[in-house]
Number of protein chains: 2
Amino acid sequence: MEPRFVTAADVARRAGVSRSAVSRAFTPGASVAPETRARVLEAAEALGYRVNRLARTLHRDRSDLVGIIGANLGNPYISAQFDALSAALQAEGLQTLLVNLRPDPRPGAEPPDLGRAVERLLEYRVRTVVLLSGAAPDELVRLCAANGVRMVLINRPAPAAGALADVIDSDAAGGGRLAARRLIAAGCRRLAVVLSESRTSAKLARADAFCAEAASGGLTVRRWTQGPNSYETGVAAARSLLEGGAARIDGIFGVTDEIALGAMNTARHELGLAVPHRLSVIGFDDAPISAWSSHRLTTVRQSLPALTGATLEAILCPADAAVSHRAVAVDLVERGSVAPARGSAPG
Amino acid sequence: MEPRFVTAADVARRAGVSRSAVSRAFTPGASVAPETRARVLEAAEALGYRVNRLARTLHRDRSDLVGIIGANLGNPYISAQFDALSAALQAEGLQTLLVNLRPDPRPGAEPPDLGRAVERLLEYRVRTVVLLSGAAPDELVRLCAANGVRMVLINRPAPAAGALADVIDSDAAGGGRLAARRLIAAGCRRLAVVLSESRTSAKLARADAFCAEAASGGLTVRRWTQGPNSYETGVAAARSLLEGGAARIDGIFGVTDEIALGAMNTARHELGLAVPHRLSVIGFDDAPISAWSSHRLTTVRQSLPALTGATLEAILCPADAAVSHRAVAVDLVERGSVAPARGSAPG
DNA sequence: CGCGGGATTGCACAGCATTGCAACCACGCG
DNA sequence: CGCGTGGTTGCAATGCTGTGCAATCCCGCG
């Protein structure tokens, strides 16, 4: 009546062998007579048996599960990153267990709790925790380490307990500098940087480096910090920075393509400012949609294949290997949202 | 030396009770003295114990795992849908196990195999399989049913073994008709519909209904079918349909916002055609980016909350409940990519 | 024909938690 | 004071698979 999963014992009974034989038939390299294995596989096929990975994990010291903690899965870059990463994991025979840290939009709802998310993943005995969003407090890093679970931080600030987590970073400071230099070369004199209130991430470093580089060029930067990490933040920033035109901002750096696109679109379509002639905009990420002909956003690229490759390396390395810090280079991809450089070519 | 997960036995030893007591302390409603429970919880806290869900699942007839099979996770609508769904599952105490069916871009790589994906999820004893991409062949539906796993099909054609899977459908035919009527009302006479080669999905139904409605209005539709389900397909379609202008196509229906955006952007920015004056474009989905001021795409909306809600209902319903077919209504959201309706208001 | 050795196989236990059952405790009532 | 009762708790079995160890089988060689 009620269908149940077929177990190894069922197969053993049907094939007329012991349960161990069934187990061995499914374990590559185990000692089984070819004829026995064939009989077992045939019985398994007939019954529709497949190994219960959950039970198997009880034995092995590491599971096949990789926990990924993310928010902003709708963000165009993050979703591409998540897509690439989960596909790569799968090709390696690992499985993606997702924890979504997306805030509950209902009023009065509790904010998502990273600690609980990690706990949850530990309950499933994941072999690795990958953090795509949020900052990793020391205690959580330690918690994972204490359970023998590697933690991989992507574009997250390295925790004080640094020796306990793998870190993968694209060059935030370099990217911020690249953006500043490019805007200055375009002749922009009144710069602004737009970021969200999430104070915990690499995005701060991007903004800081941008400001520092501008300062070394004799310019001060208007810093606009507000709201969540989203398109709407860029929209709001553009309205507030550009409306009325009093400040005459002529160059904006969005610490994320999504933010930069919000700002650029609002300037262009809502406020009627010509981009790049009146206003130059530059982003960070190089999300797929930034290349669309509706945007043509000049941006600092973090190469997705490079980022994914580095992440995969960190995940696959043996459990006892020392943690590592992998840096991913960034470069500027020129499209149409920044005015042409004047005068001498940048060094 | 090597950190291991703490087990219930460790906690029992420390708290001076039996392993059963530990288990009961973590089971709501079990019979334990408050004082014993407190002692157990304290020991667990000190040791960093947490229940091993994998082992727990051996007992229960259903696990907490929901398998989601998807491709195109970079698609702006799918990613939003996946984001919403995984967040909703989590709020219900369920966990998302992802299988990514994204095709391996390397030449000579095997195409992703849905059958293997389902097998994989069964190995993890998921309680439900949700299909966001691909079509469900009868045998797979039957396979899941035989293992007592519910299958939920989202915008997938109902399999012949229909009584064995939950189906959630937004009204593809209605949406296709809406699109056709709107373009006709705008005065478009030379219509085209753009879709990908994936022949298996609700997208065919959208296109078919569009063509049928146009035919009943006395118009024939140029049908452009090629490539995968992506932005680039829309780009290629626009080039091929519009370049030279011989065909003078003046209305395009993209079966997906992503496709419609590719077509619209290419027409507007690459071919220099005014949208909506020279060409009207209409999409299907209402992805978040379609509302951006850089696009303002008129589109057939499948309400994401409605779709997510229906999916969640299907997933949460008791295991022995009959399968159901849930329809999600669609409506037209007017933005700026279709010329104003002429003459009489549509009935 | 007897024996050594390699290949195969089954037994039993490990791994982790849940749960039916029975033993146990204390307490209250007759 | 004895017994019934309700609440606790431990034992042992269950759920499913992996694996060390020993038993077994068969073959070949002396």
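Hydrogens, waters and symmetry mates play no part in the numbers below; they use all other heavy atoms, side chains included. Per chain, numbering begins at 1; letters A, B, ... match sequence-line order.
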Between [options], which nucleotide gets closest to the side-chain atoms of [X]?
X	options	result
A55(A)	dA13(D), dT17(D), dT8(D)	dT17(D)
S20(B)	dT19(C), dT19(D), dT17(D)	dT19(C)
H59(B)	dT8(D), dG15(D), dG18(D)	dG15(D)
R60(B)	dC11(D), dT18(C), dT17(D)	dT18(C)
R24(B)	dC11(D), dT17(D), dT19(D)	dC11(D)
A21(A)	dG10(C), dA14(C), dG15(D)	dG10(C)
T36(A)	dT17(D), dT9(C), dT18(C)	dT9(C)

Length of the [atom1]-[atom2] vector between [X] and [N], whole Å:
X	N	atom1	atom2	value
E35(A)	dC25(D)	CD	C1'	14 Å
L54(A)	dT14(D)	CG	P	21 Å
R19(A)	dT14(D)	CZ	C1'	12 Å
R13(B)	dG10(D)	CZ	P	14 Å
N52(A)	dG18(D)	CG	C1'	12 Å
E123(B)	dC16(D)	CD	C1'	14 Å
L47(A)	dC16(D)	CG	C1'	15 Å
R53(A)	dG15(C)	CZ	C1'	18 Å

Q) Below 3.5 Å, does any donor atom in the side chain of R56(A) face an acceptor in the base of dG15(C), or the other way round? A) no
Q: Classify the side chain of S18(B) and the base of dC11(D) as holding, or not holding, a donor-acceptor pair under 3.5 Å.
A: no
Q. Taking the nucleotide of DNA chain D with the closest heavy atom to each, which residue, L58(B) or A33(B), is nearer the 5' end?
A. A33(B)
Which is true for [X] with a 4.0 Å heavy-atom rule: it touches a base, it touches only sugar-phosphate, or it touches nothing?
X	answer
T7(A)	sugar-phosphate
V17(B)	sugar-phosphate
V22(A)	nothing

(Q) Does atom CD (E42(A)) have a neighbourhood of more than 12 heavy atoms from anything else shown, all under 6.0 Å? (A) no
Q) Does a side-chain N or O from Y49(A) land closer than 4.0 Å to OP1 or OP2 of dT17(D), or not? A) yes
(Q) Counting only side-chain nitrogens and oxygens, does S23(B) get under 4.0 Å of the OP1 or OP2 atom of dC16(C)? (A) no
Q. Under 3.5 Å, is there a donor-acceptor pair between the S170(A) and N155(A) side chains?
A. yes
Please round to the nearest 0.5 Å and tell me the distance separating atom [atom1] of [X] and atom [atom2] of [Y].
X	Y	atom1	atom2	value
R150(A)	C317(A)	CZ	SG	3.5 Å
E119(A)	R116(A)	CD	CZ	9.0 Å
Y77(B)	L304(B)	OH	CG	4.5 Å

**Q.** Check: R127(B) side chain, R125(B) main-chain N or O, donor-acceptor pair, under 3.5 Å
**A.** no
